[in-house]
Amino acid sequence: MRRLRRAELPEDPAELARFLVGKTLVHDSPAGRMSGRIVETEAYLVGDPACHAYRGETKRNHALFLERGHVYVYFIYGAHYMLNVSADRAGAGAGVLLRAMEPLEGLALMRGSGKPTEIACGPGRLAAAMQITPQFDGGDFCGPGPLWLGTAERPVGEIGKSVRIGITKAAHLELRFYERGNPCVSGPARLRN
DNA sequence: TGCACGATAATCT
DNA sequence: GATTATCGTGCAA
């Protein structure tokens with residue numbers, strides 16, 4: 001496995017979301033390497049009312065406006081962090097939410113509970129498992145940092161598409177992508193197969 | 001398996 | 001003061 005270069009990332013947010021399914025997410029923490037195979041993502045587009053960047057740039061969503069491949073981390077519901085990859089061109093304001101991951105390396109280092117298939121099943125759990133903190137916000141997945149995206153460790157299966165989960169605006173758009181049948185995918189059963 | 005519900009805090013209006 | 005890209009628990013079937 002090697003690091004993905006920015007030039008390899010599709011510029012279009014929906015294409016990037018689809019591209020990232022099957023790729024590897026790596027956190028080289030002081031305690032050791034944690035990595036996982038991305039199995040579920042969602043795209044948030046320019047002009048999309050559900051996108052945090054929809055109402056313009058603020059201090060919180062600044063990272064969404066960086067060139068594609070940067071890290072956007074935010075805190076929600078008083079309890080959970082979400083990990084996103086910025087998308088589109090610099091200044092656009094779009095991103096891809098990483099929703100679920102199949103653990104590969106460093107399972108013992110990951111925070112959370114439950115079976116290995118459940119520890120990173122859902123965006124809040126994924127961020128908790130990978131020990132994502134606000135300090136990563138604004139960082140670069142394509143730079144030399146400890147948090148990065150790698151090539152696929154094994155071929156990706158069939159990719160399914162569905163509506164996004166947990167949103168109220170533009171809820172009908174099919175911008176969620178996942179590996180069909182993978183037990184680590186979150187959401188109701190009808191949105192996993 | 002599939003719902004309903006509350007916790008909890010940063011951000012923005 | 002409203003809103004929120006979630007999670008875990010609890011209960012019914």
Side-chain angles (χ1 to χ4, degrees), chain A residues 12-21 25 36 38-66 68-88 92-103 110-139 141 147 149 160-179 181-193:
Chain A
D12 180 79
E15 285 181 31
L16 177 60
R18 186 185 182 93
F19 171 84
L20 289 175
V21 174
L25 174 66
I38 298 167
V39 297
E40 182 184 357
T41 64
E42 280 179 2
Y44 289 85
L45 314 178
V46 174
D48 171 5
C51 182
H52 283 182
Y54 183 63
R55 293 173 186 279
E57 185 170 347
T58 66
K59 187 175 179 183
R60 174 176 68 162
N61 66 23
H62 168 72
L64 281 178
F65 292 84
L66 299 173
R68 68 188 188 280
H70 283 79
V71 184
Y72 172 45
V73 176
Y74 71 95
F75 190 62
I76 197 169
Y77 294 121
H80 308 288
Y81 290 102
M82 305 277 127
L83 178 62
N84 301 251
V85 183
S86 70
D88 218 303
V96 173
L97 171 67
L98 302 183
R99 289 194 55 91
M101 180 185 87
E102 174 186 331
M110 294 182 186
R111 269 177 69 94
S113 57
K115 293 179 289 189
T117 53
E118 295 171 336
I119 202 153
C121 167
R125 286 165 159 173
L126 183 152
M130 290 296 267
Q131 298 179 21
I132 300 303
T133 63
Q135 77 182 57
F136 291 108
D137 186 49
F141 278 114
L147 190 62
L149 297 166
K161 179 173 74 163
S162 84
V163 295
R164 294 174 290 186
I165 293 177
I167 60 168
T168 55
K169 297 167 222 158
H172 61 288
L173 298 178
E174 296 203 314
L175 291 171
R176 172 176 173 268
F177 301 90
Y178 57 97
E179 184 178 45
N182 189 298
C184 301
V185 173
S186 75
R190 68 176 206 285
L191 295 182
R192 297 201 301 252
N193 299 305

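Just so we're on the same page: letters track the sequence lines, and every chain starts at 1.
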For nucleotides 8-13 of chain C, which of its nitrogen or oxygen atoms have a protein nitrogen or oxygen under 3.5 Å away, and what is each distance?
{"from": "C:dG8", "atom 1": "OP2", "to": "A:Arg125", "atom 2": "NE", "distance (Å)": "2.8"}
{"from": "C:dG8", "atom 1": "OP2", "to": "A:Arg125", "atom 2": "NH2", "distance (Å)": "2.3"}

Worksheet item: What residues, two or more places apart in sequence or in another chain, satisfy ring-ring contact (aromatic ring centres under 6.0 Å, His included) together with A:Tyr54?
Response: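 Residues passing ring-ring contact (aromatic ring centres under 6.0 Å, His included) with A:Tyr54: none at all.
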Spacing between [X] atom [atom1] and [N] atom [atom2], to the nearest angstrom:
X        : N     : atom1 : atom2 : result
A:Leu98  : C:dT6 : CG    : C1'   : 15 Å
A:Arg192 : B:dT1 : CZ    : C1'   : 10 Å
A:Glu42  : C:dT4 : CD    : P     : 15 Å
A:Lys169 : C:dT3 : NZ    : C1'   : 8 Å
A:Glu40  : C:dT6 : CD    : C1'   : 13 Å
A:Arg190 : B:dG2 : CZ    : P     : 9 Å
A:Tyr54  : C:dA5 : OH    : C1'   : 16 Å
A:Arg99  : C:dC7 : CZ    : P     : 7 Å

Worksheet entry | Residue pairs fulfilling salt bridge (charged side-chain N to carboxylate O under 4.0 Å, His left out) with at least one residue in residues 41-55 of chain A, sequence neighbours excluded |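 Every pair satisfying salt bridge (charged side-chain N to carboxylate O under 4.0 Å, His left out) with a residue in residues 41-55 of chain A: A:Glu42-A:Arg99, A:Asp48-A:Arg164.
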Discussion item. Show me the pairs that pass salt bridge (charged side-chain N to carboxylate O under 4.0 Å, His left out) and involve residues 183-193 of chain A, at least two apart or across chains.
Written reply: none
Discussion item. Before you tell me yes or no, could you show the steps for A:Tyr44 and A:His52 under ring-ring contact (aromatic ring centres under 6.0 Å, His included), namely the whole-Å CA-CA distance, both residues' side-chain angles and the distance that decides it to 0.1 Å?
Written reply: CA-CA 8 Å; A:Tyr44 289 85; A:His52 283 182; 7.3 Å; no
Side-chain donor-acceptor pairs of residues 117-128 of chain A under 3.5 Å, sequence neighbours excluded:
{"from": "A:Glu118", "atom 1": "OE1", "to": "A:Lys115", "atom 2": "N", "distance (Å)": "3.2"}
{"from": "A:Arg125", "atom 1": "NH1", "to": "A:Cys121", "atom 2": "O", "distance (Å)": "3.1"}

Fill in: Pair A:Ser162, A:Arg176: side-chain N/O donor-acceptor within cut-off below 3.5 Å
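Side chains of A:Ser162 and A:Arg176: pair found under 3.5 Å.
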Worksheet item: Is a side-chain donor-acceptor pair under 3.5 Å present for A:His62 with A:Tyr72?
Response: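 Their side chains do not contain a donor-acceptor pair, so the 3.5 Å distance test is not met.
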Worksheet entry | Gap separating the CZ atom of A:Phe136 from the CG atom of A:Leu147, nearest 0.5 angstrom | 5.5 Å
List every contact pair, protein side and nucleotides 11-13 of chain B side both N or O, where the distance is under 3.5 Å.
{"from": "B:dC12", "atom 1": "OP1", "to": "A:Thr58", "atom 2": "OG1", "distance (Å)": "2.3"}

Do any side-chain atoms of residues 12-20 of chain A form donor-acceptor pairs under 3.5 angstrom with protein atoms, and if so which ones, sequence neighbours left out?
{"from": "A:Asp12", "atom 1": "OD2", "to": "A:Ala14", "atom 2": "N", "distance (Å)": "3.1"}
{"from": "A:Asp12", "atom 1": "OD2", "to": "A:Glu15", "atom 2": "N", "distance (Å)": "3.0"}

With the criterion being N/O to N/O and under 3.5 Å, what pairs connect the protein with nucleotides 5-8 of chain B, and how long is each?
{"from": "B:dT8", "atom 1": "O2", "to": "A:Tyr77", "atom 2": "O", "distance (Å)": "2.3"}

Worksheet item: So, does A:Ser86 use its side chain to make a donor-acceptor pair with the main chain of A:His70 at under 3.5 Å?
Response: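 Confirmed, A:Ser86 side chain pairs with A:His70 backbone.
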Restricting to side-chain contact (heavy atoms from CB on, under 4.5 Å), what partner residues turn up for [X], sequence neighbours left out?
X        : value
A:Asn182 : A:Arg37, A:Val39, A:Glu102, A:Glu179, A:Cys184, A:Val185
A:Phe65  : A:Ala53, A:Glu57, A:Asn61
A:Val46  : A:Asp88, A:Ala92, A:Ala94

Discussion item. Applying a 3.5 angstrom cut-off to the pairing atoms, does DNA chain B sit in any stems of at least three consecutive Watson-Crick or G-U pairs? List them by first number.
Written reply: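 Consecutive-pair runs (3 or more) involving DNA chain B: B:1-7 with C:6-12, B:9-12 with C:1-4.
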Item to complete: Measure distances between side-chain N and O atoms of A:Tyr74 and base N and O atoms of C:dA5, and say whether any donor-acceptor pair falls under 3.5 Å.
Response: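 Answer is yes: a donor-acceptor pair is held.
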Worksheet item: Do the ring centers of A:Phe75 and A:His80 come within less than 6.0 Å of each other?
Response: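 So the answer is no for these two rings.
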